[in-house]
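I have placed the structure first, in the form of structure tokens, so that the comments after it can refer back to it.
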Amino acid sequence: MNKIDDRAIGLAKRLSRLESERGQWEYHWQQLAEYILPRKADINVRRTPGDKRMELVFDGTAIHASEMLAASLHGMLTNPYSPWFDLRYRDEEFNKDDEAKEYLEEVTDLLHKTFQRSNFSEQIHELYMDLVVFGTGVCFVEEDPDLDVRFSTRHMKECFLVENNLGRVDTVYRKFQLAVRACALQFGEENIGEKLQRKLKKDPFEEVTIVHVVMPRTDRDAERIDSKNMPFASMYFDPDQKIVLGESGFREMPYLTPRFLKSSFEKNYGRSPSMTALPDVKMINRMSEVTIKSAQKQVDPPLMVPDDGFILPVRTRPGGLNFYRSGTRDRIEPLNIGANNPLGLNLEEQRRQAIRAAYYVDQLTLGVGPQMTATEVVSRTEEKMRMLGPVLGRLQAELLQPMIDRVFGIMVRKNKLPMPPEILGETRIDIEYVSPLARAQRQSDLQSVMRMFEVLSPAASIDPTVFDHIDMDGMVRHLLNVLHVPARVSQGEAQVMLKREERSNQQQQAQQQQEAMQTAQAMGAAAPAMKVLQQGNQEF
């Protein structure tokens, strides 16, 4: 028999306060979804499955632009077909060791394969859509017996976020519906309370409200490793019965809660490009509706009919016969509304351009001309991707890093990663992002090096010593890092030094052989003279 739990009462009170604080956001999100993401337009409106949701949409510019931005973020940040992150040692000495580098590269490959094998691609795209439209996304990362890791992007209407003192979300309340039968299977029939037990017997498929809470655990025993002493507490409770249904914990925060942009004076939730474009989106839809009506009036205009000259009804279909009183000169004439379609279309195009600018469409689409070289295309692509640099920083901190840490921790606990070499000890590992968008932010280093050679090459023809100012080894190491050259195809410093030593020994041996040959040749040329001298001495 379950009794009312004080913890559940406290959690329910806090949830009620979070619901009250999120009210204004919900109204904003509902408007955004109705115009830009209609399939999720049920934030504070209850809709039935299969209901039509495009009633307010007369222009699809914002819908297509938001989908383009979400798809571009997916391709430029987390492309499933190319490496988008790498691992590096915090201690640079290990980054110079071939064995240590190859181990870390093997771990990186296994992590990439884990992402590819899971449902990551489909769920991360849904998360990007939420970021672009609502400004905030929530994704749950959990262990999976078959795929190792499973991702699930949650609807924003279900999630309530709480920041810590550093401005990072560390507490998530998720309020959702679950069938009574599923509750009994997940938590045990004996733990779901008397009310749900009665519903289980009466209608096991009836849905009830359940709340999942994940928050930092402040009263844990760090020396114990059981589920109730992990860094993050996980509790499911029934807000109706005020009982805790199940309690466990996580070693890492399982909820990923990135924000696209965030105002310094607002808490918990972020802002999006769709919020910037919403006035233009509402205006273009209204203008398109008026333009459509205007076009209808011109194609099928209203008719002016004399009130006493024709016999109703007026038939406007092809071949229709209309009777009028003989002896009159009255005619049915179209109403000239004096519409100015070009003006309306020009105004609409201005709004469309403003919407595309809010979604970075100009930066995402590459206008390649027939006279552009491949180098110019690459340069323009990198320049446009650097425009998204401010967005990249927040997404790396709030999405990519916690996600990689979570997956890495799951794989370690499942013993799916190789054992590290003994030389590593307790060294720390950092994440380095090598996605196309991240690499574009670092391409200025490569351009600076190329520009340096262009400037110094003419001077080197006059004075070769100008290159003495350049540390060639340091420059090559830096370029290998910028270009993300794999450790398999590059040599470590120890191997480079060994190869140079072998080359030096070979050069010394070749020089010694050449000196010996020259000595032998000189002695061979002097042999006849020595023989003559010896004969002369004998005769004398």
Side-chain angles (χ1 to χ4, degrees), residues 7-49 51 53 55-57 62 66 126-127 129-140 153-178 207-215 235-242 255-283 285 358 394 398:
R7 295 176 301 171
I9 295 176
L11 293 173
K13 288 182 178 179
R14 192 177 187 189
L15 174 61
S16 177
R17 181 175 178 179
L18 293 176
E19 288 176 329
S20 176
E21 293 176 351
R22 208 188 69 171
Q24 190 62 31
W25 288 102
E26 292 177 358
Y27 175 76
H28 201 172
W29 292 342
Q30 180 65 32
Q31 282 200 327
L32 291 168
E34 287 176 345
Y35 287 98
I36 305 171
L37 195 59
R39 60 188 173 86
K40 290 191 174 183
D42 51 1
I43 304 294
N44 55 13
V45 175
R46 189 174 183 85
R47 295 179 181 268
T48 58
D51 187 17
R53 303 190 177 200
E55 300 91 341
L56 299 179
V57 178
S66 63
E126 195 68 17
L127 182 68
M129 286 299 304
D130 289 347
L131 278 172
V132 170
V133 177
F134 303 121
T136 307
V138 179
C139 184
F140 187 66
T153 298
R154 306 302 190 184
H155 200 308
M156 276 308 301
K157 72 174 183 179
E158 298 179 351
C159 302
F160 302 85
L161 312 182
V162 182
E163 290 181 349
N164 60 15
N165 60 314
L166 300 177
R168 301 297 185 197
V169 174
D170 66 350
T171 300
V172 176
Y173 282 67
R174 177 177 171 243
K175 185 178 180 181
F176 62 102
Q177 299 291 313
L178 191 65
E207 292 190 340
V208 294
T209 300
I210 303 297
V211 180
H212 182 211
V213 184
V214 175
M215 58 186 178
M235 285 187 284
Y236 289 86
F237 74 93
D238 184 346
D240 185 22
Q241 299 184 90
K242 301 295 190 298
Y255 281 104
L256 309 174
T257 54
R259 280 79 59 90
F260 193 91
L261 298 170
K262 185 174 176 297
S263 299
S264 58
F265 56 88
E266 292 178 331
K267 297 186 300 181
N268 305 332
Y269 305 102
R271 293 196 170 261
S272 68
S274 296
M275 295 180 179
T276 303
L278 184 58
D280 291 317
V281 173
K282 295 171 72 173
M283 182 178 294
N285 277 277
R394 179 170 288 277
E398 297 186 348

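These values consider heavy atoms only, across backbone and side chains, with no hydrogens, waters or symmetry-generated copies.
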### Message
Can you give me the closest heavy-atom contact between Ala33 and Ala41, atom names plus distance?
### Response
CB-CA, 3.5 Å
## Note on the structure
The reported gap from NE2 in His212 to CG in Leu178 (rounded to nearest 0.5 angstrom) is 12.0 Å
### Task
Would you mind reporting whether Val133 and Ser272 have side-chain heavy atoms less than 4.5 Å apart?
no
### Query
Does a sphere of radius 6.0 Å around CD in Glu55 hold more than 12 heavy atoms from other residues, nucleotides or ligands, not counting ones at 6.0 Å or beyond?
yes
### Message
For a 4.5 angstrom cut-off between non-hydrogen side-chain atoms, does Leu278 reach Leu32?
### Response
yes
### Summary
To the nearest 0.5 Å, atom CG of Leu37 lies from atom CE of Met129 at 4.5 Å
### Task
Give the C-alpha distance, both sets of side-chain angles, the deciding distance and a yes or no for side-chain contact (heavy atoms from CB on, under 4.5 Å) between Asn44 and Lys157.
CA-CA 8 Å; Asn44 55 13; Lys157 72 174 183 179; over 6 Å; no
### Query
Hey, is CZ on Arg17 packed in by over 12 heavy atoms from elsewhere, all under 6.0 Å?
no
### Message
If I compare all heavy atoms of Val211 with all of Leu15, which pair ends up nearest, and what's the gap?
### Response
CG2-CD2, 3.7 Å
### Query
Only one of Phe260, Phe160, Trp29, Phe134 clears ring-ring contact (aromatic ring centres under 6.0 Å, His included) with Tyr269; which?
Trp29
## Note on the structure
Taken to the nearest 0.5 Å, the spacing of Thr171 OG1 from Leu18 CG works out to 9.0 Å
### Message
I'd like to know if the side chain of Ser66 and the backbone of Ala62 have a donor-acceptor N/O pair within less than 3.5 Å.
### Response
yes
### Task
Check whether any side-chain heavy atom of Val57 sits under 4.5 Å from a side-chain heavy atom of Asn285, and report yes or no.
yes
### Message
I'd like to know if the side chain of Asn164 and the backbone of Gly167 have a donor-acceptor N/O pair within less than 3.5 Å.
### Response
yes
### Query
Among Glu34, His28, Glu26, which one satisfies side chain to side chain donor-acceptor pair (under 3.5 Å) with Gln30?
Glu34
### Message
Once you measure the plane-to-plane angle for Tyr173 and Phe237, does it fall in the parallel (<30°), tilted (30-60°) or perpendicular (>60°) bin?
### Response
perpendicular
### Message
Measuring from atom CD of Gln177 to atom CD of Glu158, what distance do you get when rounded to the nearest 0.5 angstrom?
### Response
9.0 Å
## Note on the structure
Only residue of Arg168, Lys267, Lys262 satisfying side chain to side chain donor-acceptor pair (under 3.5 Å) with Glu163 is Lys262
### Query
Any donor-acceptor pair under 3.5 Å linking the side chain of Arg22 with the backbone of Leu161?
no
### Query
Counting only N and O atoms by type, is there a donor-acceptor contact under 3.5 Å from the side chain of Glu398 to the main-chain atoms of Arg259?
yes
### Query
Considering only heavy atoms from C-beta outward, does the side chain of Leu56 approach that of Pro38 to under 4.5 Å?
no
### Query
Parallel under 30°, tilted from 30 to 60°, perpendicular over 60°: which one fits the rings of Phe140 and Tyr255?
tilted
#### Entry: Closest non-hydrogen atom pair, Asp130 against Thr153
OD2-CG2, 3.6 Å
### Task
Go through the steps to decide whether Thr257 and Val172 satisfy the test side-chain contact (heavy atoms from CB on, under 4.5 Å), and finish with yes or no.
CA-CA 9 Å; Thr257 54; Val172 176; 4.0 Å; yes
## Note on the structure
Interatomic distance, CG@Asp51 vs CG@Asp42, rounded to 0.5 Å, equals 10.0 Å
### Message
What's the separation between atom CG in Leu261 and atom CZ in Arg271, rounded to the nearest 0.5 Å?
### Response
10.0 Å
### Query
Would you say Tyr27 has more than 12 foreign heavy atoms packed within less than 6.0 Å of its OH?
no
